[in-house]
Amino acid sequence: AARERLLQEQAAAVRDVENQAVVRTRFATGIDLYNEGDLVGARTEWNAILAIDPENGGAQDYLARTNQKIDEAVRGNKASAKRLEGEGRLTEAIAEWNNVQQYHPEDPEAKAAIVRLRGRIESMSQDYSATQRKLRIVTLYNDALQAYNAGRYDDTMRDLRELLSL
């Protein structure tokens with residue numbers, strides 16, 4: 001029994017040493033990522049440390065700082081996205097909403113905005129296609145009329161056939 005207890009204590013000490021090494025490595029990586037501005041990567045490191053050592057004050061402190069910076073960035077991205085949408089710069093607005101989702105993948109406002117903006121872009125594309133088609137019809141009709149008035153009946157028939165195919 002004493003031998004078994006000693007073996008368990010030894011195994012726990014080894015795990016603690018291994019965990020300390022992991023925490024030390026992840027903390028260094030977290031600091032580097034934080035200083036480089038990779039807040040998502042840094043947040044991942046702090047959460048990994050806290051999963052191993054929930055009482056780690058350094059990781060708790062840096063996680064709070066990282067989350068504060070993320071919240072500031074998200075507020076800026078959302079304000080920029082709304083401004084860009086108001087200016088009609090829809091693809092740029094989507095890019096800003098994508099930045100929000102980088103920090104908060106399940107953000108409902110970002111998800112809804114992206115769906116809405118993609119719908120607007122698709123609608124504009126359809127409107128553009130319809131306008132192009134109408135312009136082509138008017139052009140063909142005018143060309144056919146001019147060809148008819150100039151006595152170019154073969155050209156008139158060609159333009160009218162194409163017009164009818166639209």
Side-chain angles (χ1 to χ4, degrees), residues 1-137 139 165-166:
R3 179 180 185 276
E4 199 56 41
R5 190 182 82 247
L6 285 174
L7 289 175
Q8 287 176 350
E9 287 173 6
Q10 184 62 34
V14 168
R15 278 194 302 276
D16 285 345
V17 169
E18 289 172 357
N19 284 342
Q20 287 173 5
V22 169
V23 166
R24 202 172 19 257
T25 301
R26 293 201 89 140
F27 200 91
T29 302
I31 292 288
D32 291 342
L33 292 170
Y34 181 85
N35 289 334
E36 293 167 6
D38 181 353
L39 301 176
V40 174
R43 180 176 59 189
T44 300
E45 294 303 318
W46 310 136
N47 284 325
I49 291 168
L50 293 171
I52 296 169
D53 180 8
E55 303 302 316
N56 188 300
Q60 290 173 348
D61 180 49
Y62 269 100
L63 179 60
R65 290 184 200 185
T66 301
N67 284 333
Q68 182 179 1
K69 283 191 173 207
I70 286 172
D71 291 343
E72 290 170 14
V74 165
R75 278 192 299 277
N77 292 129
K78 285 182 176 185
S80 182
K82 290 172 185 176
R83 179 183 50 78
L84 290 165
E85 182 176 0
E87 295 171 1
R89 297 163 58 188
L90 305 183
T91 55
E92 292 170 85
I94 287 176
E96 289 296 325
W97 286 116
N98 284 333
N99 288 337
V100 169
Q101 286 189 313
Q102 173 187 345
Y103 297 118
H104 298 297
E106 299 303 319
D107 186 289
E109 185 180 9
K111 284 183 173 189
I114 289 171
V115 168
R116 181 183 65 250
L117 290 169
R118 285 185 177 152
R120 285 184 61 191
I121 290 169
E122 185 177 323
S123 174
M124 290 170 67
S125 175
Q126 289 171 351
D127 291 347
Y128 178 74
S129 295
T131 301
Q132 273 188 315
R133 184 176 179 273
K134 289 174 186 173
L135 181 59
R136 182 68 182 140
I137 289 170
T139 301
S165 72
L166 296 176

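Each residue takes its place number in the sequence, starting with 1.
The CZ atom of R43 sits 10.0 Å away from the CG atom of D38 when rounded to the nearest 0.5 Å. Interatomic distance, N77 CG to H104 NE2, rounded to the nearest 0.5 Å: 10.0 Å. Interatomic distance, N19 CG to D53 CG, rounded to the nearest 0.5 Å: 8.5 Å. To the nearest 0.5 angstrom, I94 atom CD1 is 10.0 Å from R116 atom CZ. Separation of atoms CG (N56) and OH (Y62) is listed at 12.0 Å; rounding is to 0.5 Å. The structure places CG of L166 at 13.5 Å from NZ of K134, a figure rounded to the nearest 0.5 Å.
Residues V74 and I70 form a side-chain contact, since some pair of their non-hydrogen atoms from C-beta on lies under 4.5 Å apart. Taking 4.5 Å as the limit, every side-chain heavy atom of L90 sits out of range of all side-chain heavy atoms of R118. Between Y34 and R65 the shortest side-chain heavy-atom distance falls below 4.5 Å.
Annotation for W46 and G30: closest pair CH2-C, 3.3 Å, computed over non-hydrogen atoms. Residues F27 and A59 approach most closely at CE1-N, 3.6 Å, considering heavy atoms. Heavy-atom minimum distance, E45 versus L33: CG-CD1, 3.9 Å. For T66 against L39, the heavy-atom pair with the smallest separation is CG2-O, 3.4 Å. Closest approach of V40 to Q102, counting heavy atoms only: CG2-O, 3.6 Å.
The existence of a salt bridge linking E85 and R89 is excluded, since no basic side-chain nitrogen approaches an acidic carboxylate oxygen closer than 4.0 Å. A salt bridge does not link D71 with R75: every distance from a Lys NZ or Arg NE/NH1/NH2 to an Asp or Glu carboxylate oxygen is 4.0 Å or more. The pair E106-K111 meets the salt-bridge criterion, since a charged nitrogen lies less than 4.0 angstrom from a carboxylate oxygen. Residues K82 and E109 are paired through a salt bridge, judged by an N-O separation under 4.0 Å between the basic side chain and the carboxylate.
No donor-acceptor pair closer than 3.5 Å links the side chain of S123 to the backbone N or O of G119. Between the side chain of S125 and the backbone N or O of I121, no donor-acceptor pair lies under 3.5 Å. No donor-acceptor pair closer than 3.5 Å links the side chain of D61 to the backbone N or O of G57. At least one donor-acceptor pair under 3.5 Å links the side chain of T29 to the backbone N or O of T25. A donor-acceptor pair under 3.5 Å is formed between the side chain of Q60 and the backbone N or O of P54.
Figure legend: K69 and Y103 shown without cation-pi pairing, the cationic atom not lying both under 6.0 angstrom from the six-membered ring centre and within 45 degrees of its axis.
The local environment of CD in E122 is sparse, with at most 12 non-hydrogen atoms from other residues, nucleotides or ligands closer than 6.0 Å. By the neighbour-count criterion of 12 heavy atoms within 6.0 Å, atom CZ of R83 is densely surrounded, having more than that number from other residues, nucleotides or ligands.
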